[in-house]
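Below is one structure, written out as structure tokens; the observations come after it.
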Amino acid sequence: MTLSGHILGWRWIVRRKVYKLILRTILLLMICLSFTYLSDRGPDQYEINYHKRPSVSSTLLKENTDCAFPILDPFEPAMKRFFRLRSRRLGCSQFVTYFSEGMTSNLSVDGDHDQPVIQRSADFPKDKFTCCFEVMNFLQRPPYNYHEKEGKVCKIIREDVTPLRDTVEHVFIKCFPLIPPSPRLHDANLSRVLHLRSHPDHNEILTFIPSPKAPTPTHPEDERLNVIIFVLDSISRPNFIRQMRHSFSYLVNELHAVDLQGYASVGVGTLINSFALLLGKTYAEVRNTCWKRDNATFDHCDWIWKHFSKKGYTTLFAEDYHSVYNFYLQGFKTPPTSYYLYPFSKWLGYRVLKEDFGNKDCVRNTSTVSKLVEYAKKASSVLSSVPNFQLYWASLLNYLETDAVLVDKPLVELLQFWNQSGILNNTVVVLASDHGWKAGDIMSHSQARLENRMPFCFLLFPKRFQILNPEAYQNLLINKFRVTTHHDVHATLLHILQSNNAFNLKSHYEGTEAKSRSLFLPIPKNRNCEMLGIQESWCICGVYKPIPKESELTNQLAITAVTGINKMLEGYRKCNKYQLWNIIDAEEKVGMPGALQDISKVGRKTYRLVIQVRPKGASFQVILYKDESTGNITLDKGIFRLNTFLHHCIHDQQLYRLCTCKKSWDNLSMQRYSNGIW
């Protein structure tokens, strides 16, 4: 071999070693970064001990005698791999805002009042773009997907301040590039410009809130508290502490909010829990009274905002475009409240999913929940002059169990705004969630299955209310360690409404019952699931011990569960028929008081299993009962689906969670949409 050949061979060996060294270095850095990401819990988090299974018997709310309500460690190490403590990048567009909502004083025959205006920033590139606006009026009846524009022509924005009518709520701004070489835009070529496709990076949406009607004159001593309910979907109390630590710290340390540590869901899904919070009724009661058919609307239900409206309150209901009562449901035939945001949210959601305004998590350069927070800030300011009831429901970003951290910053900003603007001086705030984890890989952990039934609820009351109602507020502080539900919050708000002067609360509340009790009254220590009307499958009071998964009894229980699920789905040909695949977990109830079936009374044992079936690996948590005298095994109808699923082939409100469709969407559609199951 020649000298040049030796040199080339030597160079090739050196180059190969260098490449290997670079690859190893990159791999080592990736491992270190991943370890740092998973282990960094932040300076304001707690030191924790490792437990494979949460120790329910040693960490319970001591105030409850008949319910083993667990206190879980939010920073359980085994849960660490399922969530992120650092905010992921949403990928919202780097959009420069040139237009904003504004109000200006206008003197008319009716007196001095504020008029909505479009404000254009001084740095708007007039030599490159021209913009016009369309006032959008949304159809206030089903299907809520139609909007009309005022006039046939998009009106050019010529000034830095463009006045609008007082009743305008939504404005869509379109911007078009000027056609070169035209030095400027003339009215003659206006139609030519507007027929071009608008520039998506400069289109904007502005939302205004018209001033409410003047309140009905009341007695001077009639001081009514405003009410704001802000619901964050699918966030458990442990996860609120875990991923929304800035909000938690501000609520507890700055605002001194009442943290209901024994707060429990009353059933599976958003719909059932929303009925308890906003109607004070169970799912069965609603089905038997105001919602007897799946295709019926909810107009005839006795919603809590109707009670406030009868007392002269201005009401508002706003949610992001993932609506509670319109997702495979019929919603409302007429607007349920004085201000109803859903028609606009539905249109906006359609445009967002088409990515006209960014990705599915964003509206231009901001997240969907931040957009709802902006609306809440404006609404609470505009409505502060009249008695008002406001309801906000955010679900899109926090649907995934790992994304709750994205809501932390917007929520803190909203709380700070309410505090600094003085809105909290005469407002009761209920900050709550409907339930915990919904579905996904995280449900393979036993603590996640407990968190699913443990939402959070924080209550904020004006300081003056606390001073003038010391006995009621003291009861509230005691009750935060008792078992409470959405029914109790509903009763508490009605208790406030029953008093002519909310700052001087009545000591008696008309309508108290076992499952629904005002938090201003003592909550019994012996509360249990039977008193609260909670099914065994959703009861969090009981204590279970593990049993062998390979035993003959466990296998018999699992087969009975699969047979029962298949029987429920009979008649639905588009759903798969299941076969037992795997027994993931098996437990037996040890007879702790607080359950619907006490084995000492009915002579039967209660078992809880987590099973996986084929095809397609659906996972279920089931409750079964075995009669000790006959040996018969029965399946509780409260079956909980643990993994993500689609139900596009079945719309039955009771059975859709059990079905796995024979013809499924692709994996991308599954990941994008299946977490929207209620």
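As the structure is a computational prediction, the values presented were derived from the model and not from experiment.
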4.5 Å side-chain heavy-atom contact, Lys480 and Tyr263: no

Ring-plane angle category for His307 and His490, please: parallel below 30°, perpendicular beyond 60°, tilted otherwise. perpendicular

Positive for side chain to side chain donor-acceptor pair (under 3.5 Å) with Arg527, one of Thr485, Thr484, Asp488: Asp488

Check the pair Val266, Phe275 against side chain to side chain contact (heavy atoms under 4.5 Å, CB included), reporting the backbone distance first and the verdict last. CA-CA 10 Å; Val266 298; Phe275 287 160; over 6 Å; no

For the backbone of Ala472 and the side chain of Asn475, can you confirm whether one donor and one acceptor N or O come within less than 3.5 Å of each other? no

4.5 Å side-chain heavy-atom contact, Pro524 and Arg517: yes

Is there a side-chain contact between Trp303 and Pro336 (heavy atoms, below 4.5 Å)? no

Donor-acceptor contact below 3.5 Å, side chain Arg224 vs main chain Val386: no

With side chains defined as the heavy atoms from C-beta onward, is the minimum distance between Val231 and Thr270 less than 4.5 Å? no

Would you check, one step at a time, whether the test side chain to side chain donor-acceptor pair (under 3.5 Å) holds for Ser395 with Asp320? CA-CA 7 Å; Ser395 59; Asp320 54 29; 3.2 Å; yes

Any side-chain heavy atom of Ser338 within less than 4.5 Å of one from Thr315? yes

Under 3.5 Å, is there a donor-acceptor pair between the Trp418 and Thr427 side chains? no

Can a side-chain donor-acceptor contact be found between Asp299 and Thr334 if the only test is distance below 3.5 angstrom? yes

Any donor and acceptor pair, going by atom type alone, linking the side chain of Asn226 with main-chain N or O of Asn388 inside 3.5 Å? yes

Which residue pairs pass the salt bridge (Lys or Arg N to Asp or Glu O under 4.0 Å) test with at least one member in residues 365-387, sequence neighbours excluded? Glu101-Lys378

Is the backbone of Tyr98 close enough, under 3.5 Å, to the side chain of Glu204 for a donor and an acceptor to pair up by distance? yes

Within the side chain of Asn239, is there an N or O that forms a donor-acceptor pair under 3.5 Å with the backbone of Ile235? no

Ring centre gap for Phe461 and Phe520 strictly below 6.0 Å: yes

Hey, do the aromatic rings of Phe298 and Tyr325 have their centres closer than 6.0 Å? yes

Criterion side chain to side chain contact (heavy atoms under 4.5 Å, CB included) on Leu459 and Val430, from CA distance to verdict: CA-CA 5 Å; Leu459 302 176; Val430 178; 3.7 Å; yes

With under 30° as parallel and over 60° as perpendicular, where do the rings of Phe344 and His170 fit, or are they tilted in between? parallel

Aromatic contact between Phe458 and Tyr250, with the criterion being ring centroids under 6.0 Å apart: yes or no? no

Taking side chain as C-beta onward, heavy atoms only, is Pro74 less than 4.5 Å from Phe248? no

Under a 3.5 Å distance rule, please check whether Asn419 uses its side chain to pair with a backbone N or O of Leu415 as donor and acceptor. no

Looking at side-chain heavy atoms only, is the closest gap between Phe332 and Thr297 below 4.5 Å? no

Using 30° and 60° as the class limits, which term best fits the ring planes of Tyr392 and Tyr375: parallel, tilted or perpendicular? perpendicular

Any side-chain heavy atom of Pro212 within less than 4.5 Å of one from Val382? yes

